[in-house]
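For reference, the structure is listed below as structure tokens.
When a residue number appears, it is its place in the shown sequence, counting from 1.
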Amino acid sequence: MRRNIVKRSAVLAAAAAVGAAAFLGPQAFAGQLDTTTAAALQVSAFAKGPNPTDQSIRAQKGPFAVQQQAVAAQSGRAFNRGTIYYPTDTSQGTYGAVAVIPGFLEPEFTTSWYGPTLASHGFVVITLEPISITDFPEPRSNQLLAAVDWLATESPVKDRVDPNRLAVMGHSMGGGGTLLAASKNPALKAAIPLAPWNMSSDFSDVTVPTLIIGADNDVIAPTFMHADPFYESLKGNQNQGYLKLKGADHFTTNGYTATVTKFAVSWLKRFVDDDTRYSQFLCPAPTPDASFVSFKIGCPV
């Protein structure tokens, strides 16, 4: 009888720990769990890399070594040329994939830093040259969807990609295209519009977990005309976030910043990889600091 009570108590304790970890993330229990309970906390088969820290998710170079491969333009394909960045480690299974497109009048290199940075945190990434640098959000949305699908099904690194875990990102009109892509394909796991610009402000039909990143000093896509109403239309749905950068302009997200990296990596890890170790960096919403005005999200994620 005593043995049964002890066994039942152990099961209940493990269950309680699992429940707590789903909210706080396994890192909160580091050093406190035995091996059996720690194994029970592995909530996602897609989780990769060491336990994250605030320092690690801000890093421009994550824990994975990265290689890159140029993608030449090809007649009849629904997107232009670009560059693939991918982790060299093949021991941890397939990775989620992300397509990134720049904004109006911007060539690929303006947002290419996302390629090696996100790949080093455990994703396969394609950064794109738009078919035309004057493309508006609608054609950019189609290019994003075509590119991320090609990355998973036809690219030279398709064996490294899980076709069921795809995401899109874009800057300015590419950010507007990102929102449109999320509207068109609800099977996407995540979307991150960067300083987004779009003529329409109603994206209430978007159910893809979407993190809008706006800039408080943006005069090209002022947040009160773009990012703010975009988020207002989104926020009624689950897992929608809005980061407003402080002292930032329209082009701040086109270069590495620790804050953008922190939130982008956490968002992709949480929703593309279903890795709840990253929930702690999103919920409860972090307190603003010198780098951002506000972060809004409906918790828990």
Side-chain angles (χ1 to χ4, degrees), residues 23-25 27-28 49-63 98 100 102-103 106 109-118 120-123 169-172 174-175 178-179 190-197 209-232 234-235 239-271 275 277-301:
F23 183 76
L24 297 174
Q27 189 185 8
N51 284 344
T53 65
D54 190 65
Q55 181 178 7
S56 72
I57 61 174
R58 292 172 177 270
Q60 188 169 7
K61 292 185 179 181
V98 188
V100 185
E106 293 179 348
F109 76 81
T110 58
T111 50
S112 62
W113 77 270
Y114 290 100
T117 294
L118 295 179
S120 74
H121 284 277
F123 299 96
M169 296 178 65
H171 175 249
S172 193
T178 298
L179 286 160
I192 304 181
L194 307 159
W197 187 101
T210 299
L211 173 62
I212 294 174
I213 301 181
D216 64 344
N217 291 333
D218 192 336
V219 296
I220 295 175
T223 56
F224 73 90
M225 293 178 62
H226 296 274
D228 291 354
F230 296 165
Y231 177 69
E232 286 300 311
L234 285 172
K235 71 178 185 179
N239 299 328
Q240 309 298 331
Y242 180 22
L243 172 68
K244 185 180 289 188
L245 300 173
K246 186 175 183 178
D249 62 27
H250 189 64
F251 301 101
T252 296
T253 58
N254 280 5
Y256 163 77
T257 72
T259 297
V260 170
T261 303
K262 170 183 176 176
F263 283 93
V265 167
S266 296
W267 198 264
L268 294 172
K269 285 287 191 178
R270 177 60 189 86
F271 295 109
D275 191 341
R277 294 179 299 171
Y278 290 80
S279 295
Q280 61 184 304
F281 305 112
L282 302 172
C283 285
T287 303
D289 59 25
S291 67
F292 69 101
V293 176
S294 61
F295 177 65
K296 300 177 181 180
I297 191 171
C299 291
V301 293

*Would you call the rings of Phe251 and His171 parallel, tilted or perpendicular if under 30° counts as parallel and over 60° as perpendicular?*
tilted

*Taking atom CG of Leu243 and atom CD1 of Ile297, what is their separation to the nearest 0.5 Å?*
10.5 Å

_Between Thr223 and Tyr231, is the side chain to side chain contact (heavy atoms under 4.5 Å, CB included) condition met? List the steps._
CA-CA 10 Å; Thr223 56; Tyr231 177 69; over 6 Å; no

*Is the closest side-chain heavy-atom distance between Val260 and Tyr114 below 4.5 Å?*
yes

*Would you call Ile192 and Leu268 a side-chain contact if the rule is heavy atoms closer than 4.5 Å?*
yes

_Closest contact, heavy atoms only, Val301 versus Gly298_ = CG1-O, 4.1 Å

*When rounded to the nearest 0.5 angstrom, what is the spacing between OG1 in Thr117 and CD in Gln60?*
4.5 Å

*Would you say Met169 and Leu118 make side-chain contact, with heavy atoms under 4.5 Å?*
yes

_Check whether Thr178 reaches the backbone of Gly170 with its side chain - one donor and one acceptor, N or O, closer than 3.5 Å._
yes

*Tell me, do Asp249 and Asp218 make a side-chain contact under 4.5 Å, heavy atoms counted?*
no

_Parallel, tilted or perpendicular, as decided by the 30° and 60° cut-offs, for the rings of Phe263 and Phe295_ = tilted

*Which distance, rounded to the nearest 0.5 Å, do you find between the CD of Glu232 and the OH of Tyr242?*
9.5 Å

*What are the two closest heavy atoms between Thr261 and Ala59, and how far apart are they?*
CG2-O, 3.6 Å

_Side-chain heavy-atom pair Asp228, Lys244 within 4.5 angstrom cut-off_ = yes

*Qualifying residue for side chain to side chain contact (heavy atoms under 4.5 Å, CB included) with Val265, from Arg58, His121, Arg270*: His121

*Taking all non-hydrogen atoms of both residues into account, name the closest pair between Pro288 and Ser294 and its distance.*
CG-CA, 4.2 Å

_Interatomic spacing from NZ in Lys246 to CG in Asn217 - rounded to 0.5 Å_ = 10.5 Å

*Heavy-atom pair with the smallest gap, counting every atom of Pro196 and Ala221*: O-CB, 3.6 Å

*Taking all non-hydrogen atoms of both residues, which atom of Cys299 and which atom of Pro284 are closest, and how far apart?*
SG-CA, 4.2 Å

*Output the distance between atom OG1 (Thr210) and atom CD (Gln240), rounded to the nearest 0.5 Å.*
4.5 Å

_Minimum-distance pair of heavy atoms, taken over all atoms of Asn239 and Pro300_ = OD1-O, 4.3 Å

*Taking the side chain as C-beta and beyond, is there a heavy-atom pair between Pro193 and Ile212 under 4.5 Å?*
yes

*What's the spacing between Trp267 CH2 and Ile213 CD1 if we round to 0.5 Å?*
10.0 Å

